[in-house]
Number of protein chains: 2
Amino acid sequence: MKVEDVLARIDANLPQAIDRLFGLLRIPSISTDPAYAAHCREAADWLANELSALGFDASVRPTPGHPMVVAHSGGTGPRILFYGHYDVQPVDPIDQWHRDPFDPAIEETPNGPVIRARGASDDKGQLMTFIEACRAWKEVHGSLPPNLTIFLEGEEESGSPSLVPFLEKHREELQGRIALVCDTSMVAPGVPSIASQLRGMLKDEFTIHGPRVDLHSGHYGGPALNPLREMARIVASFHDDETGRVAVKDFYEGVHEVPAELLQQWENCGFDEREYLESIGMTMPHGEKGYSTLEQQWARPTLEINGMWGGYQGAGSKTVIPATAHCKLTCRLVGDMDPDKVRARIRAHVEARLSPDARVTWDQDLDGAPASVMDTSRPEFQAAREALSEEWGREAVFVGMGGSIPIVGMFKQLYGMESLLVGFANDDDAIHSPNEKYDVKSFHKGMRSWARILGRLNAD
Amino acid sequence: MKVEDVLARIDANLPQAIDRLFGLLRIPSISTDPAYAAHCREAADWLANELSALGFDASVRPTPGHPMVVAHSGGTGPRILFYGHYDVQPVDPIDQWHRDPFDPAIEETPNGPVIRARGASDDKGQLMTFIEACRAWKEVHGSLPPNLTIFLEGEEESGSPSLVPFLEKHREELQGRIALVCDTSMVAPGVPSIASQLRGMLKDEFTIHGPRVDLHSGHYGGPALNPLREMARIVASFHDDETGRVAVKDFYEGVHEVPAELLQQWENCGFDEREYLESIGMTMPHGEKGYSTLEQQWARPTLEINGMWGGYQGAGSKTVIPATAHCKLTCRLVGDMDPDKVRARIRAHVEARLSPDARVTWDQDLDGAPASVMDTSRPEFQAAREALSEEWGREAVFVGMGGSIPIVGMFKQLYGMESLLVGFANDDDAIHSPNEKYDVKSFHKGMRSWARILGRLNAD
């Protein structure tokens with residue numbers, strides 16, 4: 001029973017594993033701020049050294065931005081790729097932290113001990129669950145899992161500008177049968193979760209033009225068309241207020257209902273709807289009527305206004321009819337919705353509703369990406385589900401995600417490679433916020449989960 | 001025929017009158033910018049000196065802001081008050097001026113010679129038409145018109161903060177049977193105009209609150225209420241798009257149809273609808289259906305959005321559902337509309353339409369003022385109408401104004417005094433804009449107009 005031995009080794013090594021994670025957490029690898037570039041390099045070096053000491057063929061690869069770390073275990077068989085990122089979010093507002101974000105410590109809380117530091121959860125703690133699982137594996141098996149490649153980037157929190165060129169250039173080294181990604185959370189504490197569908201996104205922006213110039217609302221109010229009123233009318237027309245549905249023609253083309261079996265998993269996944277809504281100040285879900293909160297969040301598309309503005313915004317009053325009004329929007333896409341078609345439909349909707357004397361201009365095409373729906377019938381998904389169910393003592397669930405993880409689309413598009421998204425973060429980890437933490441339980445059982453998954457993936 | 005003598009004197013003195021106006025125009029009396037405070041004082045001194053030399057008992061009166069100039073002609077009978085302002089607008093954008101705004105000059109144009117300078121039209125040129133008329137009067141009659149008080153302020157372009165306290169304190173010196181105000185324009189070139197109704201104004205501002213904090217539109221888009229969508233829906237509900245009418249309940253209480261006789265005057269007043277609309281980029285009037293452009297501008301109320309904003313306004317995209325959305329609005333009021341009632345009705349309209357989980361907060365009460373409708377049956381209005389018709393060779397018209405002139409309401413409210421608004425500016429004078437000008441014809445015939453009006457007001 002080699003897996004049991006690996007698990008026992010993980011249990012015994014926990015204090016040292018935490019010490020090693022602390023070493024990584026002490027490096028302030030904030031990727032978005034050029035002042036921390038040397039620290040990003042330091043984190044990449046630290047990881048390459050650890051992986052090299054573990055027996056990986058590890059190297060730090062320069063890019064125009066922060067470096068990549070690539071480490072190969074060697075051996076034959078179809079490659080398994082593991083992806084994580086060593087960069088972290090900025091720490092502002094620093095005065096809301098109750099300790100130095102780069103001086104990690106174990107803190108006791110009512111929900112058990114936590115590791116407190118920037119990056120503890122996103123993503124240093126999570127990626128180290130995988131590396132520590134490899135360490136225990138090596139100690140028991142005498143060698144690393146075969147043909148495993150660990151690929152770590154340092155620009156995830158700053159838009160990953162170097163990622164696609166790097167993936168394109170290093171296909172031979174990185175393409176594999178599956179990508180393991182440890183950068184997500186559990187749907188509820190203690191509920192092992194595999195994210196099997198992510199919403200896609202479409203961005204657009206438009207300006208409504210009315211009068212030639214800003215006008216005085218006394219001299220021209222009445223006869224002059226007001227672009228703010230025009231904007232309000234058009235934005236209001238995007239939705240049917242009765243049903244909560246998007247009222248753009250054919251918007252729902254490519255949207256599929258959630259299969260009954262999956263829906264049942266979701267209904268029993270431990271998601272606390274009331275807590276989720278309460279945490280944002282809502283007493284009810286405000287999306288499409290007839291769909292549960294989880295469906296609205298994971299499986300239904302949206303047309304969301306992210307910014308709208310025009311006219312005077314300063315103190316007091318200004319009697320102006322502005323020449324223009326502006327709107328930024330994003331759609332979350334699901335199923336087979338085509339970003340380009342959706343964009344065209346929204347634009348047609350707006351243009352068809354303009355008053356005489358109003359015109360609209362659109363921003364340079366902003367990007368869009370379709371939804372990601374994983375093929376959960378693949379053996380890796382079944383293996384992971386069984387392994388996680390075993391470790392956590394309850395059925396692992398395939399969950400959705402309301403947001404997008406760009407790397408998933410890139411792996412699929414460039415390499416035709418599915419991503420297996422398994423993470424152990426919790427919703428209260430405060431990633432991107434002050435006082436980020438990672439439960440010691442997440443770290444410990446995360447290592448054990450990966451050991452079990454690696455065991456099953458290498459069982460044949 | 002003393003009036004003919006006064007007119008002849010005005011004609012003869014035109015070059016010197018222009019020279020004197022240039023002296024006043026050279027003083028950069030920008031009231032809103034503290035750096036120009038000494039120049040405002042200089043303009044007040046200049047005027048008091050001129051008036052004193054003319055035989056007025058003139059003085060410069062300090063206020064917490066810029067000083068007032070008060071000048072009495074002496075004599076008995078019911079007082080006539082003349083009001084004007086010596087301060088001017090800032091000159092930005094200065095690079096769009098084709099000459100130094102404070103180096104006045106006569107320029108020839110296709111429409112005749114103009115005086116080019118900041119303040120040439122608003123209001124130094126206009127107020128000097130009256131002072132020069134008094135000068136010619138004195139030269140012919142040997143004395144000034146009896147019991148005439150000239151009252152000039154230096155804060156009109158910066159909100160007149162000192163005006164009400166000054167009016168309250170100096171009632172004995174300023175209250176009269178009528179206020180003559182020379183700060184308006186003619187409805188069309190060469191058409192003598194008396195503004196007999198001004199729209200009032202009501203200001204308000206509100207914020208719609210949704211989620212507790214700004215949310216990620218991936219994790220929360222769908223279930224979360226978006227205040228921008230809420231704002232668009234509510235702002236769109238302010239109007240009936242079919243009729244163009246404001247859809248707030250009882251909004252039109254106190255609005256009266258324009259009497260047929262006045263409407264006929266308006267229709268024949270020389271207003272060029274096509275040019276007015278074209279100048280702002282419109283091919284049609286966009287106010288209430290069934291009303292002419294002039295009625296929409298002068299005699300119909302509006303609910304205008306002056307500013308609307310929320311969410312992200314920077315470059316690119318941000319996947320945010322903002323916690324709040326904001327709106328600034330003003331209403332133009334007519335007839336007997338009550339600002340306080342209108343405010344309450346708008347607030348009730350908004351509150352009745354809020355979704356669950358949304359709430360609204362209102363700005364501290366911003367001010368409001370009812371419309372001003374003059375009693376044109378008063379003898380001063382008839383006298384002015386006859387005098388102007390004589391001077392300009394066509395029937396003078398009672399016109400409306402879409403904007404408000406606060407001093408009119410103050411005179412009415414504090415002194416029970418009507419204002420006779422006679423001005424000679426033209427719509428292309430570019431007041432508040434680069435390259436402001438005043439037609440020499442306006443200046444010349446303006447002086448002659450006032451001489452005729454003073455003749456009739458002092459005929460008994």
Side-chain angles (χ1 to χ4, degrees), chain A residues 199 201 203 205 210-212 215-226 228-229 231-233 235-236 239 241 277 280-287 293 296-297 300 302 304-313 317-321 325-326 328 330 332 355-357 366 401-404, chain B residues 199 201 203 205 210-212 215-226 228-229 231-233 235-236 239 241 277 280-287 293 296-297 300 302 304-313 317-321 325-326 328 330 332 355-357 366 401-404:
Chain A
R199 291 197 291 190
M201 183 150 74
K203 306 170 184 169
E205 176 174 344
R212 267 191 227 295
L215 300 177
H216 187 282
S217 68
H219 302 323
Y220 295 101
L225 178 132
N226 187 329
L228 289 170
R229 180 173 151 200
M231 178 62 82
R233 187 174 57 75
V235 168
H239 291 86
D241 292 323
L277 291 172
I280 57 171
M282 302 286 129
T283 61
M284 61 178 69
H286 290 269
T293 298
Q296 291 181 13
Q297 182 194 352
R300 301 301 303 176
T302 64
E304 208 69 73
I305 310 301
N306 306 114
M308 183 169 68
W309 71 100
Y312 181 66
Q313 303 182 21
S317 182
K318 184 174 175 181
T319 53
V320 65
I321 297 175
H326 310 269
K328 284 179 192 281
T330 51
R332 297 287 166 170
S355 295
D357 295 336
L366 291 159
M401 275 187 56
S404 313
Chain B
R199 293 196 290 190
M201 183 151 73
K203 306 170 185 170
E205 177 174 344
R212 269 191 226 294
L215 299 177
H216 188 281
S217 68
H219 303 325
Y220 296 101
L225 178 132
N226 186 330
L228 290 170
R229 180 174 150 198
M231 178 63 81
R233 188 175 55 75
V235 168
H239 291 85
D241 291 322
L277 291 172
I280 57 172
M282 302 287 130
T283 59
M284 60 177 70
H286 290 269
T293 298
Q296 291 182 14
Q297 183 194 352
R300 301 301 301 176
T302 63
E304 209 69 73
I305 309 302
N306 306 115
M308 183 167 69
W309 72 101
Y312 181 65
Q313 303 181 20
S317 182
K318 184 175 176 182
T319 53
V320 65
I321 297 175
H326 309 271
K328 285 179 191 278
T330 51
R332 296 288 166 169
S355 296
D357 295 336
L366 291 160
M401 275 187 55
S404 313

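All figures in this text were calculated on a predicted structure; none of them were measured in a lab. Numbered from 1 within each chain, the chains take letters A, B, ... in sequence-line order.
Going from atom CD1 of A:I280 over to atom CG of B:L215 covers 5.0 Å, rounded to the nearest 0.5 Å. Note that CD of A:Q313 and CD of B:E205 are 10.5 Å apart. Values are rounded to the nearest 0.5 Å. A:I305 contributes atom CD1, which lies 10.5 Å from atom CD1 of B:I321 (distance to the nearest 0.5 angstrom). The CH2 atom of B:W309 sits 10.5 Å away from atom CG of A:L228, with the distance rounded to the nearest 0.5 Å.
Remark: the backbone N or O of A:M282 is not paired with any side-chain donor or acceptor of B:D357 at under 3.5 angstrom. Put simply, the side chain of B:N306 never gets that close to the backbone of A:T319: no donor and acceptor are under 3.5 Å apart. At distances below 3.5 Å, at least one donor-acceptor pair connects side-chain atoms of A:R199 with backbone N or O atoms of B:G218.
With a 4.5 Å cut-off on non-hydrogen atoms, B:L225 touches chain A through its backbone and its side chain both. Interface residue A:M201: only side-chain heavy atoms are found under 4.5 Å from chain B.
In this structure, the side-chain hydrogen bond (donor to acceptor under 3.5 Å, both in side chains) partners of B:K203, at least two apart in sequence or on a different chain, are B:D367.
For the set A:K318, A:R212, A:H216, the count of heavy-atom pairs under 4.5 angstrom toward chain B peaks at A:R212.
For residues 217-226 of chain B, the pairs satisfying side chain to side chain donor-acceptor pair (under 3.5 Å) are A:E304-B:N226, A:R332-B:S217, with sequence neighbours left out.
The shortest distance between side-chain heavy atoms of B:M308 and A:M308 falls below 4.5 Å.
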